[in-house]
Amino acid sequence: MDYDCLIVGSGHGGVQAAVSLRQHGFAGSIGLVSDDRDLPYERPPLSKDYLAGAKPFERILIRPPEFWATRNIDLLLGNEVTRLDATEKRVSCANGAAFGYGQLIWAAGGRPRKMTCAGHELRGIHSVRNRADVDGIMNELASVQRVVVIGGGYIGLEAAAVLTKLGKAVVVVEAMDRVLARVAAEPLSRFYEKEHRDHGVDIRLATGIESFVGNDGRLSGVRLTDGEMLAADMAIVGIGILPCVEPLVVAGAAGRNGVDIDDHCRTSLADVFAIGDCARMVSGHGLRIESVQNASDQATAVAKTLCGGPAPYSAVPWFWSNQYDLRLQTVGLSSGYDQTVVRGDPNERKFSVVYLRDGVVVALDCVNAVKDYVEGRALVEGRARIAADILADNGIALKSLVNR
Ligand code: FAD
């Protein structure tokens, strides 16, 4: 089967690419290939409402089942693309299926990094990346009391919050000296550590995993690098992803840690675009960003390009995380910050951390502070230069600082 536009990956990026192509008038054939067998679904609820049992699968579908046929988009589920022939403009799948393309949009996301230490193959050790992972966790929960979460990033902490609320005894083990160290400044890390501890989570910092131990092939404990043995019925591993780009790289696409793209999301291969978690934008912000907003907005940018209205991708990133009754909203990119300002009082569980680089506001993390999030966006977009003492004054609305 040949498609005018073939999209690989039915996650947030791939789905938005198909939807945006039709919205922008693309009249050619569209095929959406995925190794996933489920209808396209949202990933963020997997570590939040879906894991908590508060949202059934039907409510996390990105579009209703009948949507695809009405938009004349072929859903080609259960096909893992293993090879790309960029000269013949064809992809081949592990099951022998093959699809030709006029334009290819690669939106294959990433697969979870796994532990490799002794015992890593025991039953009861889980990742949280797709529906099957989370169904596997939920199916075991009734017989689980003690959970070790490995990795204090957003996914690990969200899972810890849900499992604690479900009455499990949770230990979070983080290799660095604070949680969220890769994505946020210390005030935010310390706030979330305290929140989790206040909810009964045991947090171990600057600690690694030596090995997993088990009984009859099932996890029974986790040995830490400091020698302590934690009893555990389940381990959840949240230590990041490896971008799924092998077929592109083997076909000659440039990239390390994902595939490189320009500011129109073009790879170095002709007629091959890449978007979302698997793509690193070299000519824009220079980063590979893992968020729904990034995948969706890059998808829309590619759709516009393919529909004859090329628009470089330049959206201001945003992100969210839900833990307990806390809603964190982030806008901008904090990487490379050299100063932070805390607005509001973390003890009141409503505050923001403002990130500055060379005196310019580059990002905000807002906890239960929607107003700061909404108003702070304009400061980031406008690359505002605001003195720290003014930003710190919670009585001054951020919107009053725009265009100062
Ligand atoms: P994905 O959504 O991962 O989709 C990739 C698709 O490609 C999948 O369907 C996969 O099966 C398919 N695929 C992979 N390899 C192949 C292949 N070789 N052949 C065929 N198909 C293939 N972001 C936020 O902004 N806010 C959040 O709160 C948030 N929470 C999250 C919670 C969890 C548990 C997870 C896992 C992620 C979360 N994220 C969140 C991140 C967000 O979900 C991702 O950034 C987003 O899904 C990226 O979209 P994508 O299309 O690039 O990749």
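For ligands, and for the atoms within them, numbers begin at 1 and follow the listed sequence.
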Under 4.0 Å from ligand 1, counting heavy atoms only, is it the side chain of Tyr154, its backbone, both or neither?
neither
Would you confirm whether the ring centroid of Tyr50 sits within less than 6.0 angstrom of the ring centroid of Tyr41?
no
Pick one of side chain, backbone, both or neither for how Val81 approaches ligand 1, counting any non-hydrogen atom pair under 4.0 Å.
both
Based purely on interatomic distance, does Glu80 place a nitrogen or oxygen under 3.5 Å from a nitrogen or oxygen of ligand 1?
no
Quick test: of every protein heavy atom, which one is nearest to atom 7 (O) of ligand 1, and how far off is it to 0.1 Å?
Gly9 CA, 3.1 Å
Between Ile241, Leu77, Asp35, which one has a non-hydrogen atom sitting closest to atom 20 (C) of ligand 1?
Asp35
Any Lys/Arg nitrogen of Asp345 or Lys350 sitting under 4.0 Å from an Asp/Glu carboxylate oxygen of the other?
no
Hey, are Arg90 and Asp2 close enough for a salt bridge, meaning a charged N less than 4.0 Å from a carboxylate O?
yes
Exam field: side chain Arg22 to backbone Phe26, donor-acceptor pair closer than 3.5 Å:
yes
Pairs touching residues 117-157 that satisfy ring-ring contact (aromatic ring centres under 6.0 Å, His included), sequence neighbours left out
Tyr154-Phe319
Other residues, nucleotides, ligands: >12 heavy atoms within 6.0 Å of Arg37 CZ:
no
Please state which protein non-hydrogen atom is closest to atom 52 (O) of ligand 1 and give its distance, to 0.1 Å?
Asp277 N, 2.9 Å
Please could you name the atoms of ligand 1 that Asn79 approaches to less than 4.0 Å, counting only its heavy atoms?
19 (N), 20 (C)
Check Asp297, Asn294, Thr305 against Tyr313 for a side chain to side chain donor-acceptor pair (under 3.5 Å) and give me the one that passes.
Asn294
Are Asp133 and Arg129 close enough for a salt bridge, meaning some N to O gap below 4.0 Å?
no
To check your reading of the model: name the closest protein heavy atom to atom 24 (C) of ligand 1, its residue, and the distance in Å.
Phe319 CE1, 3.3 Å
If you count the atoms of ligand 1 from 1 in the order shown, which ones are under 4.0 Å from a heavy atom of Gly13?
49 (O), 50 (P), 51 (O)
Does a side chain donor of either Gln293 or His12 reach within less than 3.5 Å of an acceptor in the other side chain?
no
Compute the minimum heavy-atom distance from Asn294 to ligand 1 and say whether it is under 4.0 Å.
no
In terms of its nearest heavy atom to atom 1 (P) of ligand 1, the top option of Arg43, Gln16, Arg37 is Arg43
Which ligand 1 atoms, with their elements, are less than 4.0 angstrom from a heavy-atom of Ser47?
32 (C), 33 (C), 34 (C)
Numbered atoms of ligand 1 (with element) below 4.0 Å of Val128, judged on heavy atoms:
34 (C), 36 (C)
If you compare His12, Gln293, Glu158 by their heavy atoms, the one closest to atom 47 (O) of ligand 1 turns out to be His12
Numbered atoms of ligand 1 (with element) below 4.0 Å of Ser291, judged on heavy atoms:
23 (N), 25 (O), 45 (O)
Lys48 heavy atom under 4.0 Å from ligand 1
yes
Do any pairs count as a side-chain hydrogen bond (donor to acceptor under 3.5 Å, both in side chains) and have a residue in residues 239-259, sequence neighbours left out, and if so which ones?
Arg111-Glu246, Asn257-Arg288
Under 4.0 Å, heavy atoms only, figure out whether ligand 1 is touched by the backbone of Val8, its side chain, both or neither.
side chain
